Student: 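Quick one: the structure is below, questions incoming.
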2 protein chains.
Amino acid sequence: MKGSGEESGRGLGLDAVRSHNAGLVLGLLRAAGPAGAGRAELAEGTGLTPQAVSKISARLRAAGLAAPAGRRASTGGKPPGLLRLVPEAGYAVGLQLDRDEVRVALVDLAGRAVATRRAPLDFAAGGPAAVEAAAREIEAAVAGAGLGPAGVRAQDVSLPAAGGPEPAAHPATATEPAPAPDSVQVPDPVPAPDSALAPGGYGTGALWGVGCAVPGPLDHRSGVMGRVTGHPEWEGFPLRAALAARLGLPVVLDKDTNAAAVGLAAESGGSFAYVHVGTGLGAGLFLGGALHRGARTGAGEFGHQVLLLDGPRCRCGARGCAEVLCLAAVARGDHGGAARVLGEAVANLAALLDVDRVVLGGRAVEAAPETYVREVAEVLSARAPGTYRVPVRAAPASAVVTGAAELVLTETFTPPRT
Amino acid sequence: MKGSGEESGRGLGLDAVRSHNAGLVLGLLRAAGPAGAGRAELAEGTGLTPQAVSKISARLRAAGLAAPAGRRASTGGKPPGLLRLVPEAGYAVGLQLDRDEVRVALVDLAGRAVATRRAPLDFAAGGPAAVEAAAREIEAAVAGAGLGPAGVRAQDVSLPAAGGPEPAAHPATATEPAPAPDSVQVPDPVPAPDSALAPGGYGTGALWGVGCAVPGPLDHRSGVMGRVTGHPEWEGFPLRAALAARLGLPVVLDKDTNAAAVGLAAESGGSFAYVHVGTGLGAGLFLGGALHRGARTGAGEFGHQVLLLDGPRCRCGARGCAEVLCLAAVARGDHGGAARVLGEAVANLAALLDVDRVVLGGRAVEAAPETYVREVAEVLSARAPGTYRVPVRAAPASAVVTGAAELVLTETFTPPRT
DNA sequence: TGCGCTTTCGCAACAGCGTTGCTTAAGTGG
DNA sequence: CCACTTAAGCAACGCTGTTGCGAAAGCGCA
């Protein structure tokens, strides 16, 4: 009955305030990286009082999510004590079920993948088989990283670091209280969306949940699959519930394009579109600080916009869709032509939504990233009404898996708007 | 320094909680209409405790924004006391500056226009002249309705009701404390976005502000005009500041399409697109409970999406824009053809954003509303991927002016999501 | 008519949020 | 060596929604 917003009623209580502000501070800490941030800049960045930041920081330190990170040089007074995020305080699993493979990424709170796996997948075998295959890959990744039910703390294990080596510049008073190393707490299987920072909730090294990214239509709220093109056997399969039951973890289900968008938003914020060129054309829309899923999780159906009235017929029934034009060019190996068609479609989108930037991804883009970025940017600047140029870049191939993990982490972090 | 969110920092405080919850209750009261609503359903609708609703209601009654509205029949226990919105507790001015006329609507808290005016406007005369003309119309409308600096209370004056007669069904214990009838408080000229409900803020019958809707590009945050097509003399004109200085009232500036969308959202909520067919094609996007303006108030540039690659050249420089195709048909008098082109563009939009419904407006639509609604709905259902059909309807011709006033009122009311 | 039941609703006490006022700590710079 | 500056925390405060409980008010059955 409290402020934990159901869906229609969204009355706020004190807990909502605490959760929001803590998420804001965590978002800033995350953006600050291992160097950490001072309380003054946290206060500046959040609009809160320094004293409020102190109280929130104390709660975060008590929860093990933040730790002191030394002091910065003085600017004439007492040098500020820095605070940093403790990345190994929690992990999220990113799971990508694609048409031919399954990918898994174990991601820490800083957003870094500490373990990744990929394996072939027979998508046509249907939901239960895919759940089983995914669960095995997840368990292997978690076990390999030294986490999971066995209960070994993360920092005791040497992990195959994905990124570069961490700049170990913490000459600090490492007062990290080293919580009881005996067990790893697994959160409640039922998702508790905004109570992540309740005192005592979660534990160091715990798995916070699984974010699952799949292509095709689905319902985000219920976690049930829709009619995946070419795979009618998936329609109506309750993928989220099946994964949650199999793994004993909270699961968030979303389209692959949405997962990538959420992941990219954690890096840079703002409002933008992630455009995916794979089996079809799709887009993830991050607008005004939040992902836009639409009324029925159908937003981002970007490929079936008509670009050429009376053009060739598309599998969707219409004529001259961007998808049929673009994929025909890809099939010919004409990435330049595909990119120009894509550019027109993206320009339509950019004009309609006034996005800050555009990020391209998907297998076709990975095949020739420079071509796509160049051609799309070209069309965009030719079509832009004013002098403003929308930046275009390509996403890494891992954007979807990593973003899937971010679906879980986003519930705790509130990214600072840019 | 408090929770009144600037732009980047959005730390919440108690005041934000109060403001949000009060807005939620006011939104429900507004939706309930003159019949009023019981405390239990307000608690249900907000997710708050009945006791919290009681406290909030007491504040609203003290502020004059809500009043008792009798009792509902018992369901076996003590009959609930009803609460209703007091529409005459405040007014907002809606101002529409179009290319050939100025329109003004004085709107009460219930969203009803209690006075309207329209007059020719020489848009080419530039900003200052338009401001002066608009100010005169506003003053005339306010004086005619018995409000304004003279300070006559609204309920003492017979108003030219725009809608039907109000169903006077209030057999209640009218305990309305009748605040001092001597003066009408005019709010601070500097907008105070979310402190509208501070005890003692605003007064009964007061003007809360002016919402100004104009075509063409502008910056919502700064209130400065951009390059209006065909009227370069408007570029850079600080319309919001000029109006605020001339009128001594807070002013909100936005595109006409956005104003209409906000106004329509107040009626029915949800997420939808308002599509305007006038001098150009534009759209107002109400997504996920909030208007989407985009990074530079440029969202809704709906007309310059390319529908026909290598089609006829548009004034924007591209080829085959929806606008050039649609307006060519309108110029021929071929509303059916224009509507079908519009339908394709709307279908692109609906697929991309997964909206609940589409509302059509603008002069071309007013000329043949049934044709546009029918043809657009036809294209939409032909292109819809699933069985879901997006409802299409036409907006009244007053949608933009009324919505402009709603730009002001929205800061106080939080519409319940649907 | 009387009594039990249901529902409404407000008073009073409460826990928890960020804020304010003030004190103490820990550096820099003349 | 002593102002001066900046940082950080303790304590009190105002305010939020919440909880507990009792009074008020109508229904329905004996």
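Below, all heavy atoms of this structure are taken into account, side chains as well, without hydrogens, waters or symmetry copies. Computed from a predicted model, the values in this text were never measured in an experiment.
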Student: In Å, rounded to the nearest 0.5 Å, how long is the span from OG1 of A:T297 to CG of A:D219?
Tutor: 4.5 Å
Student: Nearest 0.5 Å please: distance from the CG atom of A:L29 over to the CG atom of A:L83.
Tutor: 5.5 Å
Student: Less than 4.5 Å apart, any side-chain heavy atom of B:R59 and any of B:R18?
Tutor: yes
Student: Using a cut-off of strictly less than 4.0 Å, decide whether B:N21 has a side-chain nitrogen or oxygen near OP1 or OP2 of D:dG17.
Tutor: yes
Student: How many Å lie between CG on A:L12 and P on D:dT18, as a whole number?
Tutor: 10 Å
Student: May I have the distance from A:L83 (atom CG) to D:dA7 (atom C1'), rounded to whole angstrom?
Tutor: 14 Å
Student: Measure from CG on A:L42 to C1' on C:dG18 and round the result to the nearest Å.
Tutor: 16 Å
Student: What I'd like to find out is whether the side chain of A:V86 reaches to under 4.5 Å of the side chain of A:L109, using heavy atoms alone.
Tutor: no
Student: Closest nucleotide of DNA chain D for A:T75 versus for B:P50: which of these residues is on the 5' side?
Tutor: A:T75
Student: Rounded at 0.5 Å granularity, tell me how far CG in A:L48 sits from CG in A:L24.
Tutor: 7.0 Å
Student: Measure CZ/B:R18 against C1'/C:dT19 and give the value in whole Å, please.
Tutor: 14 Å
Student: Find the distance B:L48:CG to C:dG10:P and express it as a whole number of Å.
Tutor: 15 Å
Student: Check salt bridge (charged side-chain N to carboxylate O under 4.0 Å, His left out) between B:E267 and all other residues, then give those that pass, not counting sequence neighbours.
Tutor: none
Student: Polar-atom pairs under 3.5 Å, protein N or O versus N or O of nucleotides 8-13 of chain D: list them with distances, or write none.
Tutor:
residue	atom	partner	partner atom	Å
D:dA8	OP1	A:G81	N	2.3
D:dA8	OP1	A:G81	O	3.4
D:dG9	OP2	A:S54	OG	3.0
D:dG9	N7	A:Q51	OE1	3.0
D:dC10	N4	A:Q51	OE1	3.3
D:dC10	N4	A:Q51	NE2	2.8

Student: How many whole angstroms separate atom CG of B:L14 from atom C1' of D:dC15?
Tutor: 5 Å
Student: Working to the nearest 0.5 Å, report the span between NE2 of B:H292 and CG of B:L287.
Tutor: 6.5 Å
Student: OP1 or OP2 of D:dC15 less than 4.0 angstrom from a side-chain nitrogen or oxygen of B:R59, does that happen here?
Tutor: no
Student: What's the CG-C1' distance between B:D15 and D:dG17, to the nearest Å?
Tutor: 15 Å
Student: Check the distance between C:dT7's P and B:E44's CD and give it to me in whole angstrom.
Tutor: 14 Å
